[in-house]
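These numbers were taken from a predicted model, which means no experiment stands behind them.
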Amino acid sequence: MRPPGRCVYAPLPASCVKAFRADAMRSGFGRENPPKEFAMYTLLLAIIYLIFISLGLPDSLLGSAWPTMRLAFGQPLSSAGLISMIIAGGTICSSLLSERLIRRFSTRGVTVISVLMTAVALLGFSGSTRFFMLCLWAIPYGLGAGCIDSAINNYVALHYESRHMSWLHCFWGVGTVISPYIMSHAIAQGSWQSGYRTVGFIQLGIAALLVLTLPVWRIHAGHEAAEEQPKALGVRGALRIKGAPTLFAGFFAYCAAEATAMLWASSYLAGVRGFSQERAAAFGSLFFIGITAGRFAAGFVTDKLGDRRMIRLGASVAAVGILAIALPVQDDVLALAGLVIFGAGCAPVYPSIIHSTPVNFGASNSQAIIGVQMASAYVGSTFMPPLFGVIANRAGLVWMPLYLALFMALMALMVEATNRAVSGASAREAK
């Protein structure tokens, strides 16, 4: 049950209240006092955006702090990879378990506990005096992050319009942009620990806010009822659903391409285009600009075009970006523009795949499927960029555009296979 999406950002004008009231009377939602229910609906949306900022906050801390941290711990530069792998392992495990956890504790309960876990883990990072302590604290951080990602993505897919899914992931980008500034200020003051401590306290504040606003989550009573179903679908059940395995493969492929661009764009500019290390580091961020701005822009058109068209449009734009990066021309502007275009093409794919899940597979199955999707995403983003590093060591960084193209093509093929499978199943049911 969704209040009309076009009302979400309006300050309750008469037309918006009228539309809300009509929808409420048809569904029984907010029958007695629609404006009050609408205010709770909007407040919950703001809380969800804040949760995704909190999800993005820790994600870029390690990268920005590690050059300083490793000196304090006497570790080589590559040791950050071990911490990242432990975090990724935790996120994969918690994503696969998210359906059972949410059915037992509800979305709001899992979200509060997960945010609290990440806060405690970040404070643990700030107090670590040995490298093995960082590895231990990476476990609760990964477990918490995976649950938040799966739970909130499914909740928004069930209850909010497609544009909010795009903006949700845009807000994740806001979190990843904020935290490096916090860490750089802390390091300038002589203490990387205070950077982790500051973000940890921010997470604690968000957890406290979530506790105070728990009653707001009752606005979607239907979702709570779905969560309380006694039998979970599970990973095996999700894999048996027609069209789901190809979707998991497509999501894996997309996240492999996205993470490869994030990790290797700067190296490509330096090693293939001849940029200085400083310029390559600066211009490598163009991909992040493209994907963040693209998700913000996609929110304005995705409800009109629909999830499937947005995925196709994104894949087509990404193909243009890859071609611009790969063309062997002397002018570097084309390659730089290609990074922005590729990022903009990637922008709608992730949110649209997630948002279409309840429609394709049913609301009762969506949490299990999204949990496996998240696990597929983390596997792709964790293992495929290092694989390209191995390839680059042997064949050169020049092959990065082809590597990206292969994964984006695989994504498009797998998503289209899912669409055909889902459409065929619907047609058979209609008969």
- State, with a plain yes or no, whether a side-chain heavy atom of I83 is found less than 4.5 Å away from one of F125. yes

- Query: Is the Y254 ring parallel, tilted or perpendicular to the Y350 ring (thresholds 30°, 60°)?
  - Reply: perpendicular

- Could you give the distance from CD1 (I102) to CG (L97), rounded to the nearest 0.5 Å? 10.5 Å

- Is it true that atom CZ of F300 has more than 12 heavy atoms of other residues, nucleotides or ligands lying nearer than 6.0 Å? yes

- Query: Are side-chain heavy atoms of L210 and R108 found at a separation under 4.5 Å?
  - Reply: no

- Message: Tell me if a side-chain donor or acceptor on T292 pairs with a main-chain N or O of I289 at a distance below 3.5 Å.
- Response: no

- Message: Check the orientation of F171 and Y49. Use parallel for under 30°, tilted for 30 to 60°, and perpendicular for over 60°.
- Response: parallel

- Looking only at atom types and distance, does a side-chain atom of S366 sit under 3.5 Å from a main-chain N or O of A363, one as donor and one as acceptor? yes

- Looking at CG of L57 and OG1 of T198, how far apart are the two atoms once the value is rounded to the nearest 0.5 Å? 11.0 Å

- Query: Quick one: which of I354, V156, V359, T302 gives a side-chain contact (heavy atoms from CB on, under 4.5 Å) with S162?
  - Reply: T302

- Over all heavy atoms of both residues, which pair between L82 and C135 is shortest? Give the atoms and the distance, please. CD2-SG, 4.0 Å

- Determine whether L239 and F248 make a side-chain contact, defined as any pair of heavy atoms from C-beta on separated by less than 4.5 Å. yes

- Considering all heavy atoms, the nearest I187-A65 contact: CD1-CA, 4.2 Å

- Item | Any donor-acceptor pair under 3.5 Å from T418 side chain to G243 backbone | yes

- Residues S191 and Q193: side-chain donor-acceptor under 3.5 angstrom: yes

- Query: Where the side chain of E258 meets the backbone of S381, is there a donor-acceptor pair that is under 3.5 Å apart?
  - Reply: no

- Counting only N and O atoms by type, is there a donor-acceptor contact under 3.5 Å from the side chain of R70 to the main-chain atoms of P76? no

- Message: Testing the basics here: between L143 and G90, what is the closest heavy-atom pair and its distance to 0.1 Å?
- Response: CD2-O, 3.4 Å

- Atom pair CG/CG of L269 and L336 - distance to nearest 0.5 Å: 6.0 Å

- Message: I need the T246 OG1 to N419 CG distance, nearest 0.5 Å.
- Response: 8.5 Å

- Task: Using a 4.5 Å cut-off on heavy atoms from C-beta on, say whether the side chain of L116 contacts that of L204.
- Result: yes

- Validation row: L123, R197 side chains within 4.5 angstrom (heavy atoms): yes

- Message: Any non-hydrogen side-chain atom of L402 less than 4.5 Å from a side-chain atom of L406?
- Response: yes

- Apply side-chain contact (heavy atoms from CB on, under 4.5 Å) to I182 and I202, showing your working. CA-CA 11 Å; I182 295 174; I202 292 174; 4.1 Å; yes

- Task: Pick out which of F383, Y403, W399, Y268 makes a ring-ring contact (aromatic ring centres under 6.0 Å, His included) with F388.
- Result: Y403

- Message: Please verify the inter-ring angle class for F73 with F131; under 30° counts as parallel, over 60° as perpendicular, anything in between as tilted.
- Response: perpendicular

- Message: Please give me the minimum heavy-atom distance between H169 and N153, naming the atom from each residue.
- Response: NE2-OD1, 2.9 Å

- Under a 4.5 Å cut-off applied to non-hydrogen side-chain atoms, are E416 and I311 in contact? no

- Query: Hey, is the main chain of A145 close enough, under 3.5 Å, to the side chain of D149 for a donor-acceptor pair?
  - Reply: no

- Should the ring pair W167 and F296 be called parallel, tilted or perpendicular, given that the plane angle runs from 0 to 90° and is split at 30 and 60? tilted

- To the nearest 0.5 Å, what is the distance between CG (L134) and CZ (F132)? 9.5 Å

- Item | Expected output: side-chain S94 to main-chain T91 donor-acceptor under 3.5 Å | yes

- Stepwise, does the side-chain contact (heavy atoms from CB on, under 4.5 Å) test hold for K304 with V301? CA-CA 5 Å; K304 295 180 180 179; V301 298; 5.5 Å; no

- Please determine, by modelled atom types, if Q373 and T357 share a side-chain donor-acceptor pair under 3.5 angstrom. yes

- Query: Looking only at atom types and distance, does a side-chain atom of W264 sit under 3.5 Å from a main-chain N or O of P385, one as donor and one as acceptor?
  - Reply: yes

- Given S376 and V372, is the side-chain contact (heavy atoms from CB on, under 4.5 Å) satisfied, shown in steps? CA-CA 6 Å; S376 302; V372 181; 4.3 Å; yes

- Closest non-hydrogen atoms of Y196 and S126, given as atom of the first, atom of the second and distance, are CB-CB, 3.9 Å

- Task: Measure across A324 and G338 and return the closest heavy-atom pair with its distance rounded to 0.1 Å.
- Result: CB-CA, 3.7 Å

- Item | Side-chain touch I87/W137, heavy atoms, less than 4.5 angstrom | no

- Query: Given the rule in the side-chain contact (heavy atoms from CB on, under 4.5 Å) test, do L101 and I113 qualify, once you have shown the distances and angles that lead to the verdict?
  - Reply: CA-CA 11 Å; L101 291 173; I113 294 170; over 6 Å; no

- Message: Measuring from atom CZ of F251 to atom CD1 of I353, what distance do you get when rounded to the nearest 0.5 angstrom?
- Response: 5.5 Å

- Is the side chain of H355 donor-acceptor paired with the backbone N or O of Y160 at a distance under 3.5 Å, no angle test? yes

